[in-house]
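Note that the coordinates shown come from a computational prediction; the quantities given were computed from them, not determined experimentally.
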Amino acid sequence: MRFIFHYPESAGYEGDLLDAGPLPEVAAAAEQYGFDAISLSEHPAPGARWLGAGGHQTLDPFVALAFAAAATERLRLLTYLSVAPYRNPMLLAKTAATLDKLSGGRMLLGLGAGYQKSEFHALGVDFDERNALFDEALEVLPRHWSGEPFSYAGRHFNARDVVARPRPVQRPIPMWVGGNSALSRRRVTTHAQGWIPMTGGAELSTTARTPALGTLADVGRAIAKIRSDAAAAGRTDHIDLVYSYQGAGLENPDLDADRHRAALAAAAEAGVDWVVVSHRTRDYRATLDFIAAFGDTYLGKAAS
């Protein structure tokens with residue numbers, strides 16, 4: 001398995017978005033201690049009610065990941081998640097391709113349909129169209145990245161014989177689709193290179209408007225079906241499973257390590273390829289301590 005460090009994001013109204021530490025330095029530390037990727041999420045206009053109930057602010061993930069790319073050499077760069085319906089797919093494709101090109105092929109495009117009605121309203125996007133807009137994006141992105149002429153008539157745009165260059169390094173940039181619904185899983189089977197189920201329990205599932213999946217075994221059965229259906233449809237590529245590990249006590253990674261190792265081994269057995277870990281730290285030193293302890297304990301990458 002490979003491991004992703006999710007940059008800690010401040011909850012509520014207060015606090016600076018960089019309380020957890022300067023992003024380039026945090027990314028460099030994650031790379032040094034053996035993490036394979038860094039991730040950031042996206043909320044350009046979060047609702048005050050959601051923030052008051054424990055929601056969080058974010059940086060712009062693409063700009064922030066570009067800073068992380070400049071400070072690292074091999075770390076992959078994941079949007080976890082970017083809300084596809086918020087953008088015209090041509091702009092989304094160009095942004096992702098630019099980051100992939102400048103980083104030497106390290107972009108991982110995590111995508112979701114979105115769930116905050118107030119944020120959709122603030123951005124002028126029809127919430128009820130989000131699934132149709134998401135499906136359009138999944139079709140347009142690979143065509144844009146191909147660098148070849150293509151046409152596509154969407155609900156709110158009409159691209160006629162357009163050509164987008166330069167091509168990204170990766171062909172295509174891996175798209176990882178988030179969400180637990182049958183529709184989300186069909187999107188993975190048909191279009192995506194990875195699946196990001198939401199495993200935060202019933203409360204998160206209600207907030208994010210996606211069904212609860214239950215146990216890790218349920219996740220394992222779901223990804224097995226996705227992979228089987230994709231193979232039956234003629235796909236030969238591997239579909240990655242991305243899993244957020246939130247084991248109790250993980251804020252101190254070097255304590256009770258055998259229990260965490262057993263849980264991670266169970267995730268691997270269930271078919272997990274990438275594990276996301278984080279700790280909502282409030283200062284740079286605490287963030288570095290978490291990264292170093294996790295790396296030393298599980299990734300075998302002590303600082304040099």
(Q) Could you walk me through whether K225 and D218 satisfy the salt bridge (Lys or Arg N to Asp or Glu O under 4.0 Å) test, starting with their C-alpha distance in whole Å, then the side-chain angles of each, then the deciding distance to 0.1 Å, before giving a yes or no? (A) CA-CA 11 Å; K225 186 175 191 310; D218 293 328; over 6 Å; no

Q. Which atom names give the shortest non-hydrogen contact between V26 and A20, and what distance separates them?
A. CG2-O, 4.0 Å

(Q) Tell me if a side-chain donor or acceptor on N252 pairs with a main-chain N or O of D254 at a distance below 3.5 Å. (A) no

Q: Would you name the heavy atoms of L75 and R106 that are closest together and state the gap between them?
A: O-NH1, 2.9 Å

Q: Begin from the C-alpha positions of L81 and I196 and carry the test side-chain contact (heavy atoms from CB on, under 4.5 Å) through to its verdict.
A: CA-CA 9 Å; L81 297 164; I196 307 178; 3.5 Å; yes

Q: Indicate yes or no for a side-chain donor-acceptor contact from R261 to the backbone of T297 under 3.5 Å, with no hydrogens or angles considered.
A: yes

Q) Which is it for R87 and S82 under the side-chain hydrogen bond (donor to acceptor under 3.5 Å, both in side chains) test, yes or no, and what are the steps along the way? A) CA-CA 10 Å; R87 295 177 178 84; S82 177; 3.2 Å; yes

Q: Check each of V188, V219, I226, V275 against L241 using the side-chain contact (heavy atoms from CB on, under 4.5 Å) test, and report the only one that passes.
A: V219

**Q.** In one Ile/Leu/Val/Met/Phe/Trp/Tyr side-chain cluster, 4.5 Å: V177, I239
**A.** yes

Q: May I ask you to decide if D16's main-chain N or O and D19's side chain share a donor-acceptor pair within less than 3.5 Å?
A: yes

Q) Is the shortest heavy-atom distance from the side chain of Y245 to the side chain of T199 under 4.5 Å? A) no

(Q) Rounded at 0.5 Å granularity, tell me how far OG in S10 sits from CZ in R282. (A) 5.0 Å

Q | R285 bridged to D283 by N-O distance under 4.0 Å | A | no

Q: Look only at the side chain of W195 and the backbone of G179, and say whether a donor-acceptor pair between them is shorter than 3.5 Å.
A: yes

**Q.** Shortest non-hydrogen separation from I4 to W176 and the atoms involved
**A.** CD1-CZ3, 4.1 Å

Q. Just by modelled atom types, is the G147 backbone N or O under 3.5 Å from a matching donor or acceptor in the R165 side chain?
A. yes

Cut-off 3.5 Å, no hydrogens considered: what does the side-chain donor-acceptor table look like for residues 152-162, sequence neighbours left out?
from : atom 1 : to   : atom 2 : distance (Å)
Y152 : OH     : E139 : OE1    : 2.5
R155 : NH1    : E129 : OE2    : 3.2
H156 : NE2    : E129 : OE1    : 2.7

Q: State, to 0.1 Å, how close R185 and A222 come at their nearest heavy-atom pair, and which atoms those are.
A: NH1-CB, 3.5 Å

Q: Check the angle between the aromatic planes of H279 and F290 and answer parallel, tilted or perpendicular using the 30° and 60° thresholds.
A: tilted

**Q.** Interatomic spacing from CG in L111 to CG in L141 - rounded to 0.5 Å
**A.** 6.5 Å

Q. What's the spacing between Q193 CD and I173 CD1 if we round to 0.5 Å?
A. 10.0 Å

Q. If you round to the nearest 0.5 Å, how far is CG of L264 from CZ of R259?
A. 10.5 Å

Q.
Can you confirm whether F62 sits close enough to L92 that some side-chain heavy atom of one is under 4.5 Å from a side-chain heavy atom of the other?
A. yes

Q.
Rounded at 0.5 Å granularity, tell me how far CG in L40 sits from CG in L77.
A. 9.5 Å

Q: Would you list the pairs meeting side-chain hydrogen bond (donor to acceptor under 3.5 Å, both in side chains) in which at least one residue belongs to residues 89-105, sequence neighbours left out?
A: D100-Q170

Q.
I'd like to check L51 versus Q57 (side-chain heavy atoms, cut-off strictly below 4.5 Å). Are they in contact?
A. yes

Q. If you take all heavy atoms of I291 and A29, which pair is closest and at what distance?
A. CG2-O, 3.7 Å

Q. Hey, mind stepping through L133 and E136 against side-chain contact (heavy atoms from CB on, under 4.5 Å) and telling me if it holds?
A. CA-CA 5 Å; L133 297 177; E136 285 182 359; 4.0 Å; yes

Q: State whether the side chain of R280 and the backbone N or O of E9 hold a donor-acceptor pair below 3.5 Å, judged by distance alone.
A: yes

Q: Quick one: sort the H43 and W50 rings into parallel, tilted or perpendicular, breaks at 30° and 60°.
A: tilted

Q.
Within this structure, what is the CG-CG distance for the pair L65 and L59, rounded to the nearest 0.5 Å?
A. 9.5 Å

**Q.** Any residue meeting side-chain hydrogen bond (donor to acceptor under 3.5 Å, both in side chains) with R167, in chain and number order, not counting sequence neighbours
**A.** E148

Q.
Please identify which of these residues, W274, F35, Y80, meets the ring pair (Phe, Tyr, Trp, His ring centres under 6.0 Å) condition with F5.
A. F35

(Q) When you measure from the side chain of E119 to the backbone of G47, do you find a donor-acceptor pair of N or O atoms at a distance under 3.5 Å? (A) no

**Q.** Electrostatic pair R187-D135, nearest N-O below 4.0 angstrom
**A.** yes

Q: Report whether M175 and V169 are members of the same hydrophobic cluster (ILVMFWY, side-chain heavy atoms less than 4.5 Å apart, transitive linking).
A: no

Q: Look at the side-chain heavy atoms of Ile, Leu, Val, Met, Phe, Trp and Tyr, link any pair under 4.5 Å apart, and say whether L213 and I223 land in one connected group.
A: yes

**Q.** Trace of the side-chain contact (heavy atoms from CB on, under 4.5 Å) decision for M107 with R76
**A.** CA-CA 6 Å; M107 179 80 218; R76 304 298 295 271; over 6 Å; no

Q) Linking I/L/V/M/F/W/Y whenever their side-chain heavy atoms sit closer than 4.5 Å, directly or via other members, would V276 and L108 fall into one cluster? A) yes

Q. Does the side chain of T79 come under 3.5 Å of the side chain of E42 through a donor N or O and an acceptor N or O?
A. no

Q. So, the side chain of N180 versus the backbone of M198: is there a donor-acceptor pair under 3.5 Å, distance only?
A. yes

Q. Do you reckon L123 sits in the same ILVMFWY cluster as F127, going by side-chain contacts under 4.5 Å, direct or chained?
A. yes

Q) Do you know the tightest heavy-atom contact between A96 and L109? A) CB-CD2, 4.2 Å

(Q) With side-chain contact (heavy atoms from CB on, under 4.5 Å) as the criterion, how do I38 and L78 come out once you've worked through the C-alpha distance, each side chain's angles and the decisive distance to 0.1 Å? (A) CA-CA 6 Å; I38 189 167; L78 170 64; over 6 Å; no

Q. Are S39 and H6 linked by a side-chain donor-acceptor pair shorter than 3.5 Å?
A. yes

(Q) Going by ring pair (Phe, Tyr, Trp, His ring centres under 6.0 Å), F3 matches just one of Y243, Y298, F294. Which one? (A) F294

